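A short write-up of the structure that comes next.
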Amino acid sequence: MTQIDRRSLMTSAAAIAGATVLAPLATQRASAAAPHAGTQNAGWYRYKVGTHEITVVTDGSTRFKFPDGFVANKSREEVNQGVATAAFMQVPADEYVTPYTPIVINTGSKLVVMDTGTGEANFERSKGTAGQFQNNLKTSGIDRSQVDMVIISHFHGDHINGLLAADSKPAFPNAEILVPEAEWAYFMDDAEMAKQTSERMKGVFAGLRRVFDALGRKVTRYQPDKEVAPGITSVATPGHTPGHSSFIVASGSDKVFVQADVTHTPVFVRNPGWHAMYDQDANMAEATRRKVYDMLAADKMMVQGFHYPFPSRAYIEKTATGYRETMVSWNATL
Ligand SMILES: [Zn+2]
């Protein structure tokens, strides 16, 4: 039996002191200060869905002081309480952390990027905390010029800005760009743009025009419930934006639900009735969220969440007040 008591600690201390006297060279080596590395490792993670190989590639994250009305139907105090306790996101009060997590799906015949992060130009702007997608993609061994298809879930900047390189040239030079038909119809309508009153929404419209204009508006529009690539089926999940889309990626009996922004970070999984300011039609977004999460819980289907903590995979259970996510543990092999 091992017992740690005062006497054995003192004995150990004496032994260490003795060792110092007896082996000054070893002690010198042990105490030589190694410089701090000061950098994080590359952020990518791989798993299989049937015969599909999925690479989760982080774009980094943004930490910011959230504004009043960040959750429209909750007070700042309630949000702080929820963030700190429900999701163990122990950031200082009034702050919030948003990770960005695109994925790459290799179906065997197609190399597909799904959403693109905040864009390479954001790497410098954010001092490296975001805009990391291309660096991490390269480190994962994937060549951007080999990407056949980029599928976009919706038109917010953190999902589309990565369509452009830092010089505003196409970030994926050989890829077909797929966008939701309903999203395109709404956001490319100049009459809808003219109706906007909030600075945030004006910015969304201006931002997506900048991106798609740089691409010559060359996109392929997709419908809900369509197999847009081998084993990748679109699902209409409106509310966050009018044409917001998610995907079921399936191979054999294996599948994952790629939700995009059906919920934001897991604190909104725990509190499905919270109306995040990003949700354009908050009531519709909540109805969609509950429908999707009831399905994920009933079917025990894995969910890949764009704003979940890396590598952003979880299973969902129903609770008395909402849902709870259990993040999938790291697998050291494929
Ligand atoms: Zn988003």
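Throughout, numbering of the chain's residues begins at 1 and tracks the sequence. Excluded from the calculations below are hydrogen atoms, water molecules and symmetry mates; all remaining heavy atoms, backbone and side chain alike, are included. These numbers come from a predicted model, not from an experiment. As the structure lists them, so they are numbered: ligands from 1, and atoms in each ligand from 1.
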Next item on the list: Go through Arg289 and Trp274 one step at a time and tell me if the side-chain contact (heavy atoms from CB on, under 4.5 Å) criterion holds.
Entry: CA-CA 11 Å; Arg289 180 156 54 246; Trp274 283 18; 5.8 Å; no

Notebook entry, point to check: Thinking salt bridges, do Glu176 and Lys218 make one under a 4.0 Å N-O criterion?
Noted result: no

Notebook entry, point to check: Among the N, O or S atoms that Asp261 has, which is closest to the Zn ion (ligand 1)?
Noted result: OD2

Note to self: Taking N, O or S atoms only and a limit of 2.8 Å, check whether His307 reaches the Zn ion (ligand 1).
What the structure shows: yes

Checklist line | His156 near the Zn ion (ligand 1) via N/O/S, less than 2.8 Å | finding: no

Item checked: Of the N, O or S atoms in Asp158, the one nearest the Zn ion (ligand 1) -> OD2

Check: Charged N to carboxylate O under 4.0 angstrom, Asp189 versus Lys195?
Finding: no

Item checked: Under-4.0 Å salt bridge between Arg144 and Glu120 -> yes

